[in-house]
Asks: 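Below is one structure. I have some questions about it.
Note that these values count all heavy atoms, side chains included, but never hydrogens, waters or copies made by symmetry. Just so it is clear: chains get the letters A, B, ... in the order the sequence lines come, proteins before strands, and each one is counted from 1.
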Amino acid sequence: MSDRALEQSLRRATRADLSDLPIEVAPRLLGGEVRTTVNGEEVHLRITEVEAYHGLGTGPVVDPGSHARMGQTARNSTMWGHPGHLYVYLSHGIHSCVNVVCGPEGNAGGVLLRAGEIVAGVDVAGARRALGERVPPMRDLARGPGRLGQALGLRYPHHDGIDAINGVELAGARAELWLGPPLTDIATGPRVGVAGIAGTSAFPWRFWVNGDRTVSPFRWGRGAAEASALLN
DNA sequence: AGTAAGATCCAC
DNA sequence: TGGATCTTACTT
């Protein structure tokens with residue numbers, strides 16, 4: 001299928017698409033797109049890698065790796081908001097990472113967008129990602145959650161909570177979420193950089209497009225390799 | 001009030 | 001492999 005035909009098979013996500021548990025919604029986002037317009041500059045990102053995060057009481061098992069594991073706080077309150085809003089948080093004091101809020105209304109949950117391919121607005125994304133003179137190669141423009149957030153132009157705290165269903169402007173930005181037909185070749189595994197048991201195969205809540213070059217490399221979280229060895 | 005760790009990235 | 005950089009949440 002041509003890129004144009006593929007693009008035309010996409011449709012705007014609805015709230016209903018995102019009202020199931022994060023582990024159910026996460027694989028549905030693969031092959032879809034996030035489109036942002038920030039300060040008049042538009043970028044389209046094809047999603048190739050995601051991770052599901054639950055909240056306290058969301059789903060049949062507690063997720064010890066989620067920001068929402070301890071209940072609602074000022075930082076994570078967006079995770080309790082409407083499905084289709086974006087939870088943007090600051091990682092390591094530097095990187096703005098983007099989640100799609102999902103799950104039954106009133107429950108916390110989200111899907112972290114970990115990597116993707118820039119399919120429109122490559123120049124804009126490249127300029128945002130450039131460090132000095134050096135512009136990263138195409139493959140690395142949105143490979144990893146920090147890079148992805150930067151490429152899309154979404155930043156903490158200004159854009160935390162932005163509505164990607166209705167495309168409501170917030171702090172000079174608009175965001176849209178588009179979904180495609182279900183993909184058949186999806187891989188799963190432990191989440192990247194998540195500490196302890198939550199970062200092991202006991203929580204195979206990372207989903208990616210099998211064989212896609214833009215998927216980020218795997219890395220154990222603190223204590224996760226040790227915990228994984230004990231699982232046997 | 002102090003501190004440790006964090007859903008990361010980049011250069012050495 | 002370690003430094004950047006800062007917020008959050010837990011400890012004293």
Asks: Would you tell me if any nitrogen or oxygen in the side chain of A/R114 comes within less than 4.0 Å of OP1 or OP2 on B/dT8?
Replies: yes
Asks: Both distances below 3.5 Å, Watson-Crick or wobble geometry, any strand: find the nucleotide opposite B/dG6.
Replies: C/dC6
Asks: Under 4.0 Å from OP1 or OP2 of C/dA9: is there any side-chain N or O of A/T73 that close?
Replies: yes
Asks: Using a 4.0 Å heavy-atom cut-off, does A/G199 contact any base of the nucleic acid, only the sugar-phosphate backbone, or nothing at all?
Replies: nothing
Asks: OP1 or OP2 of B/dA7 sitting under 4.0 Å from any side-chain N/O of A/R222?
Replies: no
Asks: Which of these nucleotides, B/dA11, B/dA7, B/dC9, is closest to any side-chain atom of A/L131?
Replies: B/dA11
Asks: Do A/Y53 and the base of B/dA7 stack face to face, with centres under 5.5 Å apart and an angle between planes under 30°?
Replies: yes
Asks: Could you check whether A/R69 gets within reach of a base, just the sugar-phosphate, or nothing at all, counting any heavy atom under 4.0 Å?
Replies: nothing
Asks: Select base, sugar-phosphate, or nothing to describe what A/L90 touches, counting heavy atoms under 4.0 Å on all strands.
Replies: sugar-phosphate
Asks: Within this structure, what is the CG-CZ distance for the pair A/L10 and A/R46, rounded to the nearest 0.5 Å?
Replies: 10.0 Å
Asks: Tell me whether the side-chain N/O atoms of A/Y156 come closer than 4.0 Å to OP1 or OP2 in C/dT8.
Replies: yes
Asks: Hey, is A/H92 doing a stacking thing with B/dT8, by the 5.5 Å centroid and 30° angle criteria?
Replies: yes
Asks: Check whether A/R147 reaches the backbone of A/R129 with its side chain - one donor and one acceptor, N or O, closer than 3.5 Å.
Replies: no
